[in-house]
*Asks:* 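Handing you a structure now.
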Amino acid sequence: MAAQVAASSHNAYARICNSRAGATEPLQPLVREKPPSQASDPAVGSRPPDGDFPATRDDVLDLTRDAFKMLAAFYGQEFGNSNATLAVCRRSFGDFIGVTGL
């Protein structure tokens with residue numbers, strides 16, 4: 001439980017930082033908050049592998065459907081349903097990380 005609280009606190013701060021980041025300023029990666037549901041899931045507090053989290057707001061715009069699927073699996077979140085357009089996935093992911101206006 002303490003790990004989830006620490007992860008949630010980290011992510012709250014990261015979302016605030018991300019909400020203030022300009023187009024080319026670095027984004028703060030969020031950590032996983034959800035407990036693993038299977039042995040292969042990342043632990044609470046884990047960061048995504050290097051290079052998987054977009055470095056800037058502009059990089060969010062370049063994410064592919066496969067990248068959104070990988071991030072969704074890592075965080076245990078959905079960023080749009082299976083029929084969602086890339087624009088919907090971007091907005092959903094942006095909301096999740098604290099970046100609006102995508």
*Asks:* With heavy-atom distances below 4.5 Å as the criterion, would you say the side chains of Leu86 and Thr64 are in contact?
*Replies:*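 No, too far: nothing below the 4.5 Å cut-off.
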*Asks:* Identify the heavy atoms of Pro42 and Pro36 that sit nearest to each other, and give their distance.
*Replies:*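 Scanning both residues completely, I find the closest heavy atoms to be O-CG, 3.5 Å.
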*Asks:* Please check: side-chain N/O of Arg65 versus main-chain N/O of Ala84, any donor-acceptor pairing under 3.5 Å?
*Replies:*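 Yes; judged by distance alone, with no hydrogens or angles, the pair exists.
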*Asks:* What I'd like to find out is whether the side chain of Tyr75 reaches to under 4.5 Å of the side chain of Pro48, using heavy atoms alone.
*Replies:*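 Heavy-atom side-chain distance check passes, below 4.5 Å.
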*Asks:* Judged by atom type as modelled, is there a donor-acceptor pair below 3.5 Å linking the side chain of Asp41 to the main-chain atoms of Ser37?
*Replies:*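 Yes, because the side chain of Asp41 sits within donor-acceptor range (under 3.5 Å) of the backbone of Ser37.
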*Asks:* Report yes if some heavy atom in the side chain of Thr100 is under 4.5 Å from a heavy atom in the side chain of Ser19; otherwise report no.
*Replies:*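 When only atoms from C-beta onward are counted, Ser19 and Thr100 do not touch, as no gap falls below 4.5 Å.
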*Asks:* Between Asn18 and Ile97 (side chain of the first, backbone of the second, donor and acceptor by atom type, cut-off under 3.5 Å), is there such a pair?
*Replies:*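 Flag set: sc Asn18 to bb Ile97 pair under 3.5 Å.
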*Asks:* Please determine whether residues Leu102 and Ile16 belong to a single hydrophobic cluster, defined as Ile, Leu, Val, Met, Phe, Trp and Tyr linked transitively by side-chain heavy-atom distances below 4.5 Å.
*Replies:*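 Looking at the clustering, Ile16 is in a separate group from Leu102.
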*Asks:* Can you name the closest pair of heavy atoms from Ala21 and Leu27 and give their distance?
*Replies:*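 That would be CB-CD2, 4.0 Å.
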*Asks:* Taking the side chain as every heavy atom from C-beta outward, state whether Val99 and Val60 have any atom pair closer than 4.5 Å.
*Replies:*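 Not touching, per the 4.5 Å side-chain cut-off.
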*Asks:* CD of Gln4 to OG of Ser9: how many Å apart, nearest 0.5 Å?
*Replies:*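 With rounding to 0.5 Å, CD (Gln4) is 13.5 Å from OG (Ser9).
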*Asks:* Nearest 0.5 Å, please: how far is OG in Ser8 from CD in Glu33?
*Replies:*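 Glu33 atom CD to Ser8 atom OG measures 4.5 Å (nearest 0.5 Å).
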*Asks:* Would you indicate whether the side-chain heavy atoms of Lys34 and Val44 approach each other to under 4.5 Å?
*Replies:*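 In short, these two side chains do not touch, never coming nearer than 4.5 Å.
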*Asks:* More than 12 non-hydrogen atoms from neighbouring residues, nucleotides or ligands closer than 6.0 Å to CG on Asp50, yes or no?
*Replies:*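 Not more than 12 within 6.0 Å, no.
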*Asks:* Work out which heavy atom in Ala14 is nearest to a heavy atom in Pro29; give both atom names and the distance.
*Replies:*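 That would be CB-O, 4.2 Å.
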*Asks:* Rounded to the nearest 0.5 Å, what separates atom CZ in Arg20 from atom CD in Gln28?
*Replies:*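 Answer rounded to 0.5 Å: 12.0 Å.
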*Asks:* Distance-only, no hydrogens or angles: does the Ser46 side chain make a donor-acceptor pair with backbone N or O of Ala43 under 3.5 Å?
*Replies:*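 Side chain of Ser46 to backbone of Ala43, a donor-acceptor pair under 3.5 Å: yes, one is there.
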*Asks:* Which atoms form the tightest heavy-atom contact between Leu71 and Phe79, and what is the distance?
*Replies:*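 Looks like C-CE1, 3.8 Å.
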*Asks:* With rounding to the nearest 0.5 Å, note down the distance linking CG in Leu61 to CG in Asp58.
*Replies:*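 These two atoms lie 6.0 Å from each other.
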*Asks:* Could you check if a side-chain atom of Phe96 sits within less than 4.5 angstrom of a side-chain atom of Arg15, using non-hydrogen atoms only?
*Replies:*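 Side-chain contact under 4.5 Å: yes.
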*Asks:* Tell me if the CD atom of Glu25 is crowded by more than 12 foreign heavy atoms within 6.0 Å.
*Replies:*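 Yes - once you tally the heavy atoms of other residues, nucleotides and ligands closer than 6.0 Å, there are more than 12.
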*Asks:* State, with a plain yes or no, whether a side-chain heavy atom of Phe74 is found less than 4.5 Å away from one of Asp52.
*Replies:*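 Result no, sub-4.5 Å side-chain heavy-atom pair not found.
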*Asks:* Within the side chain of Asn11, is there an N or O that forms a donor-acceptor pair under 3.5 Å with the backbone of Val31?
*Replies:*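 Side chain of Asn11 to backbone of Val31: a pair is present.
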*Asks:* Got Arg90 and Phe68 here, is their nearest side-chain heavy-atom distance under 4.5 Å?
*Replies:*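 The answer is yes, as the side chains (C-beta and beyond) meet within the 4.5 Å cut-off.
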*Asks:* I'd like to know if the side chain of Arg47 reaches the main chain of Leu30, judged simply by a donor and an acceptor atom lying under 3.5 Å from each other, with no hydrogens or angles considered.
*Replies:*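 Checked: no pair found.
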